[in-house]
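So you know, we letter chains A, B, ... as the sequences are listed, proteins then strands, and number each from 1.
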2 protein chains.
Amino acid sequence: MPRPRRALLSRQRIVDAAAALVDAEGLDAVSIRRLAAELGVQGPSLYNHFATKDDILDAVADAVVATVDVSAFETCDWREALRRWGHSYRAALAAHPNIVPYLARGPGRRPGALAMADAVYGGLVRAGWPPARATHIGALMRYLVTGSALGSFAAGFAEDPAVYAEQYPHLSQAHLLAGHRHSVDSGAFDLGLDLLIDGLDRSKGN
Amino acid sequence: MPRPRRALLSRQRIVDAAAALVDAEGLDAVSIRRLAAELGVQGPSLYNHFATKDDILDAVADAVVATVDVSAFETCDWREALRRWGHSYRAALAAHPNIVPYLARGPGRRPGALAMADAVYGGLVRAGWPPARATHIGALMRYLVTGSALGSFAAGFAEDPAVYAEQYPHLSQAHLLAGHRHSVDSGAFDLGLDLLIDGLDRSKGN
DNA sequence: GCACCTAAACTAGCGGTGTAAGTTTTATGG
DNA sequence: CCATAAAACTTACACCGCTAGTTTAGGTGC
C-alpha cells in the first residue's frame with residue numbers, strides 16, 4: 001500500500017493508541033510493530049510522524065501531566081492551592097500508573113510539564129515565597145508525588161508471613177500490608193502533604 | 001571452551017561487573033552479551049548463575065540498598081535516626097543514580113531492602129509510634145528519597161532561556177536551574193526532611 | 001581408581017526489538 | 001502541468017533476552 005488517499009495516521013491518533021496500550025498492557029507491551037498493528041499499519045510507518053519511539057512515549061507522558069489541575073493557584077490561598085495541586089497531580093499519575101516509570105525517568109521538558117511548573121512557581125512567588133524557596137517547594141512536591149506514584153510501598157511486601165518470621169523480627173505483620181495497599185499508600189501521601197503544608201505555613205511568618 | 005579448570009564466573013563477579021557497567025554507562029548498556037563480554041565470557045553462560053537478566057539487576061539494586069546505614073535507629077533519638085537514615089538512603093542512591101529507575105520500579109523484596117525496613121519500622125515502634133503511623137512514616141521517607149534520587153528536578157529545565165520567554169512568563173530564570181542542579185535538588189530534599197521530622201515531632205505530643 | 005553426576009562453559013538459533021534505507025503512489029503548490 | 005513532499009510500503013541490519021543441546025572438568029561413592 002503506497003500513500004493512501006486519506007492519511008491513516010496522525011500524531012494524535014498514534015499518541016492515543018499508545019496511551020491506551022500502555023494503560024491496558026503496560027510499558028513493555030508497547031513496541032513499534034505492536035502499536036502499528038493496533039493502528040492497522042506497518043511498523044515503520046510511525047516514523048513518518050515521530051522520530052523515535054521515545055518521542056511517542058514522551059508525548060503520552062506529557063498528555064498525562066497536562067491533565068493536572070493547577071487552577072487553584074489562581075483562585076485559592078497558597079496552602080489550599082498546594083493541597084489541591086498535590087492531589088490532582090497524584091491522581092493524574094495514579095490514573096495511568098504504567099507510564100509513571102517512564103515519566104519519572106527523564107526530565108520533563110515538554111509543554112505540559114512546563115506549563116505546570118510555570119503555574120506552580122508563579123503562584124508561590126505571587127503568594128510571597130522567595131524564588132529559591134518556591135523552587136524547593138515545587139521540587140519537593142514532585143519528589144513526593146512521583147515517589148508515591150512510582151512504586152507502591154505496601155506492594156513491596158510479600159503476602160506470605162513465613163518470609164519474615166525468621167530474619168526480620170519487626171516485620172511479622174508486614175504480610176498484611178499488601179491487602180491495605182491503597183490505604184497505606186494514600187495515607188502516607190496525605191500525611192506527607194499535611195506535614196509539608198503545615199510546616200511551610202508555620203515557617204512563613206518567621 | 002568447555003568447563004574450565006577454575007570457574008570463570010560467580011554470582012558475585014557478575015553482580016560486581018553489572019554494577020560497574022550500570023554506573024559507567026547506564027542501564028541501557030547492560031545487555032547479557034555486553035555484560036558477558038566484560039567478564040570475558042559468552043552471553044548465555046550467565047544463565048548458569050542467574051535465571052534472568054532481571055535477577056542480576058535485582059541483585060545490583062539490592063547491593064546498593066544494603067549500603068544504607070540504619071544503625072542510628074539503635075543508638076539515637078528517633079528524630080536524629082530519621083535524619084541520618086534519610087541522608088544515608090539518599091546518598092546511597094545518589095552514588096549509583098543509574099540503577100535508581102530500576103530500583104524504583106519493582107517492589108523491593110530482597111534481603112537488603114527488607115533488612116532496612118525491619119530496622120526502620122522496629123526503631124519507630126520502639127520510639128513509641130503506633131504501628132500504622134510508623135508504616136506511613138517509612139513509606140513517606142521512601143517516597144521522598146526515591147522521588148528525589150530518581151529524576152533531578154533542576155535538570156528538567158533547558159539551559160536555553162529562549163525556551164521559556166514566550167510561553168512561560170514565570171520561568172524566565174529557569175534556565176539557571178541546571179547550573180545549580182545539585183544544590184537545588186539537595187536543598188529541596190533537606191527542606192522536606194526538616195519539615196517532615198519537625199512536623200512529626202510536634203504531632204507526637206498530641 | 002573408576003564410574004557417575006553435576007557444574008560451567010560453549011555454539012546455534014528463535015522470535016522479537018528499534019530503526020535506517022529505499023520504493024511507490026498520492027496530494028499539493030508554483 | 002509538473003516538481004515536490006507526504007505517507008504508506010517492503011526489506012534489512014544489528015541487536016536483544018533466552019532456550020536447547022553439547023562438551024568437558026570437577027567432585028563423590030563404590
S.K.: Evaluate the side-chain proximity of A:S148 to A:R90: yes if any heavy-atom separation is below 4.5 Å, no if none is.
M.R.: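 A:R90 reaches A:S148 side chain to side chain.
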S.K.: Whole-Å distance between D:dA7 C1' and A:R11 CZ?
M.R.: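 Rounding to the nearest Å, CZ of A:R11 and C1' of D:dA7 are 15 Å apart.
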S.K.: If you check every side-chain atom of B:Q42, which of C:dT11, D:dG17, C:dA9 has the closest atom?
M.R.: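 Out of C:dT11, D:dG17, C:dA9, the nucleotide with an atom closest to B:Q42's side chain is C:dT11.
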S.K.: Any idea which of C:dT17, C:dA21, D:dC18 is nearest the A:P44 side chain?
M.R.: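 In terms of side-chain proximity for A:P44, the closest of C:dT17, C:dA21, D:dC18 is C:dA21.
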S.K.: For B:R33 and A:R33, find the nucleotide of DNA chain C closest to each by heavy atoms; which residue's nucleotide sits nearer the 5' end?
M.R.: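 The residue whose closest nucleotide sits nearer the 5' end is B:R33.
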S.K.: For the residue pair B:V22 and B:H96, establish whether any side-chain heavy-atom pair is separated by less than 4.5 Å.
M.R.: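 No, too far: nothing below the 4.5 Å cut-off.
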S.K.: Could you check whether A:S45 gets within reach of a base, just the sugar-phosphate, or nothing at all, counting any heavy atom under 4.0 Å?
M.R.: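 If one applies the 4.0 Å heavy-atom cut-off, A:S45 turns out to touch a base.
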S.K.: Is it true that the side chains of B:D54 and B:T52 contain a donor and an acceptor less than 3.5 Å apart?
M.R.: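 Short answer, no.
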S.K.: In whole angstrom, what separates B:Y47's OH from D:dC16's P?
M.R.: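 Answer to the nearest Å: 11 Å.
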S.K.: In whole angstrom, what separates B:L35's CG from D:dC18's C1'?
M.R.: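 In whole Å, D:dC18 C1' lies 15 Å from B:L35 CG.
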S.K.: What's the CZ-P distance between B:F50 and D:dT19, to the nearest Å?
M.R.: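 One finds 16 Å between P of D:dT19 and CZ of B:F50, rounded.
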S.K.: Write down the distance between CZ (B:R34) and P (D:dG17), rounded to a whole number of angstrom.
M.R.: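 It works out to 12 Å between those atoms.
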S.K.: Would you find a donor on one side and an acceptor on the other, under 3.5 Å apart, between the side chain of B:T146 and the backbone of B:R142?
M.R.: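 Indeed, once roles are kept as given, a pair shorter than 3.5 Å links the two residues.
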S.K.: Of all the nucleotides listed (D:dG17, D:dA8, C:dG18), which has the minimum atom distance to the side chain of A:N48?
M.R.: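 Of all the options, the side chain of A:N48 is nearest to D:dA8.
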S.K.: Can you see if the side chain of A:H49 gets near the phosphate of D:dA8 - specifically, an N or O under 4.0 Å from OP1 or OP2?
M.R.: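 Result: yes.
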S.K.: Can you tell if the side chain of A:L124 reaches within under 4.5 Å of the side chain of A:F73, non-hydrogen atoms only?
M.R.: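 Side chain of A:L124 against side chain of A:F73, heavy atoms only: contact under 4.5 Å found.
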S.K.: Expressed in angstrom and rounded to an integer, what is the separation of A:D54 atom CG from C:dT19 atom C1'?
M.R.: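 Spelled out: CG on A:D54 to C1' on C:dT19 is 12 Å.
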S.K.: Nearest whole angstrom, please: distance from the P of D:dG17 to the CG of B:L27.
M.R.: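 Going from B:L27 (CG) to D:dG17 (P), I get 12 Å.
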S.K.: Compare the minimum distances between each of C:dC10, C:dG18, D:dG17 and the side chain of B:I32, then state the nucleotide with the smallest one.
M.R.: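 Among the listed nucleotides, the one closest to the side chain of B:I32 is D:dG17.
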S.K.: For A:K53 and C:dA20, give me the distance from atom NZ to atom P, rounded to whole Å.
M.R.: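 For the pair A:K53 NZ and C:dA20 P, the rounded distance is 14 Å.
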